[in-house]
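Report on one structure; see the data block that follows.
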There are 4 protein chains.
Amino acid sequence: MTEAEDRTDPRIERSRRVVRQAALAELAEVGYGRFTIESVSARCGVARSTIYRHWPDKLTLIADALQTLNRQPGPADAAGETSPRQRVRQLVRHLAEAFRESIVADCLPAIIEAAAHHRDVRDFHHQYNASRRRALVEAIAAGIAAGDIADDVDPALAALALAGPIVYRRLMTGDSFDPNQVDQLIDLVLGEPPARSPDTGC
Amino acid sequence: MTEAEDRTDPRIERSRRVVRQAALAELAEVGYGRFTIESVSARCGVARSTIYRHWPDKLTLIADALQTLNRQPGPADAAGETSPRQRVRQLVRHLAEAFRESIVADCLPAIIEAAAHHRDVRDFHHQYNASRRRALVEAIAAGIAAGDIADDVDPALAALALAGPIVYRRLMTGDSFDPNQVDQLIDLVLGEPPARSPDTGC
Amino acid sequence: MTEAEDRTDPRIERSRRVVRQAALAELAEVGYGRFTIESVSARCGVARSTIYRHWPDKLTLIADALQTLNRQPGPADAAGETSPRQRVRQLVRHLAEAFRESIVADCLPAIIEAAAHHRDVRDFHHQYNASRRRALVEAIAAGIAAGDIADDVDPALAALALAGPIVYRRLMTGDSFDPNQVDQLIDLVLGEPPARSPDTGC
Amino acid sequence: MTEAEDRTDPRIERSRRVVRQAALAELAEVGYGRFTIESVSARCGVARSTIYRHWPDKLTLIADALQTLNRQPGPADAAGETSPRQRVRQLVRHLAEAFRESIVADCLPAIIEAAAHHRDVRDFHHQYNASRRRALVEAIAAGIAAGDIADDVDPALAALALAGPIVYRRLMTGDSFDPNQVDQLIDLVLGEPPARSPDTGC
DNA sequence: CGCTAACCGAGACGGTACGTCCCGTCTTTAC
DNA sequence: GTAAAGACGGGACGTACCGTCTCGGTTAGCG
């Protein structure tokens, strides 16, 4: 793959890159309804015909542009030496922050709309979220295994109960979930942390 | 006002009604991106020019059509003799069922997209959800007051943790929240119900 | 007829009159292309639906409005004691003046256009002009009979040669035929007036 | 310039040509009132949007289409060795025949109507006729100079008296001027042709 | 280091939907 | 009971993009 890509004309790679960027920016800015190849073209200075040369249509361009975001924040990114419960906290907090402000969050309404009617976008969207969720589920399971979290907790359900509120606030209300409330949410859903010696923690 | 409205030309009322219905159906079916006044016109047999006579543009029609859904399912609808916890269960279950299949749920992606860029739709959307959430918050608060729910639970946060998963499943994954899992979710978020002898709990 | 008209609702007669006036004014002002029932309605304050009650459509209204102009300037209007040649002069001069400025002249382009595609307007137009022309032809013939005009002149052709230039100037150039040139035109077409001794002519 | 024009996309030239033709045909057929870009599009198979790409609106298209008619029939076309009076006869006869049947004549009502309210059409119309008239005036003047025509004739006025009847017949009556009557008209307006010895005239 | 193949920009083209305006018909309301 | 008001279906307007296409002009990278 690396070889193959090395062979591609650098002009192509360059066009693809700037168009994808412009597409995301446009999507975040004007949404799906007013998203226009024309505007993308104007925004990045690549001719309309060139865009059509690389992507058959609007939706495919969007789907492809979104793929480039698929750089996970690193599953074990700063995993370091934290406890499983800390790991959960980290993931949820990261989610809350990402939903507060980021290109993905701004595109979210457009993505959801597009996903409802276009297979490629839908696949990207579901997989993207599935992978994020999986990390969370695993962290919770690890917490249970470590006795950090009560063992009658269903990790999958708990992950939903942790991620759901953040999504809800962003999409169904006028504001975002406050990252500082994350600890409170975790306590609510996973129960108070085991008292053993919480003060000795950090 | 009643008098005044009685005086309105019945044709107007009729046009408004069928167009609104068709608009919602169209929105649910093809989404916001392909929503077309032309299709709405074709679907309900009302001329395009008549539609424009009543609504200045596409988005205003959508916003207005959504308003007509604003008939709450009755806050104390079947309140009857149920316990507060039962009331919570009822509300969450109702939400889960509504999100499983209903015109509103089908329109949701379109609504979210439109809300991101159109004030009227946004206002409708936020208020609609706020009112549904408020009912849940109140039920939880009542449960706490009745000793039915632990008193360290924050009703607003708990309501999010209950509604969030349902929204999440619908919008971020390929399926819907199973209404049968509602009890499990409630137990997770609000804690096990106080059995005969709650002190024997854990 | 007088009886019949006496019976008609005075409001009807009033509506008909003001609408016809407004229609002519509108026609002269904006021409046939932009002539609009809506504007006529606005101009005279009579409701659109009322106009349609009296005239089936735009063209019929125009045709009818034009009919009301059919008040000939009086064939023997100021016939008085003038010579036949003077009578010719009078008629041609009258035509030149009418074409210089009058509501009919202003409507002329619209009439011609409408006449090309609508029988009623065409009939009105042709008859109107035929009757004006006939007066001229008769005056010329009278002049010939009186020895006032050379007898090898074809009255019909001469009438055309007299009226034609006036029409031409109005419709095909940027200005109108100067009424003061009428005498010159008559001399050209009908020959110099027989001076003292007509026998010296040819 | 020739080079530059050679570079223009042949598709453009092609579109322009067929649209102009269709526009004239449409104008002649249905007149100005019912002239529709849609019909022109249908008639020539060029898409409506393409037409709008080349002409901003209906009237501009009409004006431009008419310009293409501006190919004079050649002032000294078949001038050959004819006498000035023959030249006059030729021109008038040509006019009569053109007014009998030709695309221009069929468009005339529409042109006149449009000219009344649109500068471009008016300019075309007046210039077109001015140039035709000028040829006639010059021929008459030449005839006077050659002693072929009486020298008390005003060439401009005579030209009007010759062209006027033809225009009049076409626009104000139900038929056209018979080309065979042209000689008679010329004799009426310019006087009998000088017999054997023209020098004996006056 | 020059040739050739590919990409690029420009933009014409046939379409579709927009939102506007007016048509001519028809119904409802009010005087 | 008739006139005004105006809703209605319809159709053309001129605009904005769509996605397809054909052009020269440029540029990369192979020979």
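Order of the sequence lines sets the chain letters (A, B, ...), proteins ahead of strands, with each chain counted from 1. The shown structure was predicted, so the numbers you read here are calculated from the model rather than taken from an experiment.
What separates CZ of A/Arg14 from P of F/dA28 is a distance of 12 Å, to the nearest Å. In this structure, the CD1 atom of C/Ile51 is 14 Å from the P atom of E/dT25, given to the nearest Å. Rounded to whole angstrom, the span from the OH atom of D/Tyr52 across to the C1' atom of E/dT16 amounts to 15 Å. Spacing between atom CD1 of A/Ile12 and atom P of F/dT26 amounts to 19 Å, rounded to whole angstrom units. With rounding to whole Å, C/Glu38 atom CD is found 6 Å from E/dC23 atom P. One can place CZ of D/Arg53 at 13 Å from P of F/dC17, the figure rounded to the nearest angstrom. Rounded to whole Å, atom C1' of F/dC17 lies 13 Å from atom CD of A/Glu26. Rounded to an integer number of Å, the gap from CG of B/Leu59 to P of E/dC18 is 12 Å.
Under the rule for a side-chain hydrogen bond (donor to acceptor under 3.5 Å, both in side chains), the partners of D/Asp57 that lie at least two apart in sequence or sit in another chain are D/Thr60.
B/Asp106 CG to B/Glu29 CD: the interatomic distance, rounded to the nearest 0.5 Å, is 10.0 Å.
The one candidate from B/Arg20, B/Arg34, B/Arg43 that meets the salt bridge (Lys or Arg N to Asp or Glu O under 4.0 Å) condition with B/Glu26 is B/Arg43. Between D/Val19 and the choices D/Leu24, D/Val40, D/Ile37, the side chain to side chain contact (heavy atoms under 4.5 Å, CB included) rule is met once, by D/Val40.
Comparing B/Lys58 and C/Asp57 by the nucleotide of DNA chain E whose heavy atom lies nearest to each, the residue mapping closer to the 5' end is B/Lys58. Nearest-nucleotide mapping onto DNA chain F: of D/Pro56 and A/Ser39, the residue sitting toward the 5' end is D/Pro56.
Remark: the C/Arg48 side chain and the F/dG6 base include no donor-acceptor N/O pair separated by less than 3.5 Å. One donor-acceptor pair, N or O on each side, does fall under 3.5 Å between the base of F/dA5 and the side chain of C/Ser49.
When distances are taken from the side chain of C/Thr50 to each of F/dA4, F/dG19, E/dG19, the shortest belongs to F/dA4.
Look at D/Ser15 and you'll find a side-chain N or O under 4.0 angstrom from OP1 or OP2 of E/dC13.
Using a 4.0 Å heavy-atom cutoff across all strands shown, D/Gly45 reaches sugar-phosphate atoms only and no base atom. Here C/Ala47 lies in heavy-atom contact (under 4.0 Å) with sugar-phosphate atoms only. Backbone-only engagement by A/His54 is indicated by non-hydrogen atom pairs under 4.0 Å involving sugar-phosphate atoms exclusively.
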>> Apply side chain to side chain contact (heavy atoms under 4.5 Å, CB included) to residues A/Phe124 and A/Ile62 and explain how you reach the verdict.
In response: CA-CA 11 Å; A/Phe124 156 75; A/Ile62 292 177; over 6 Å; no

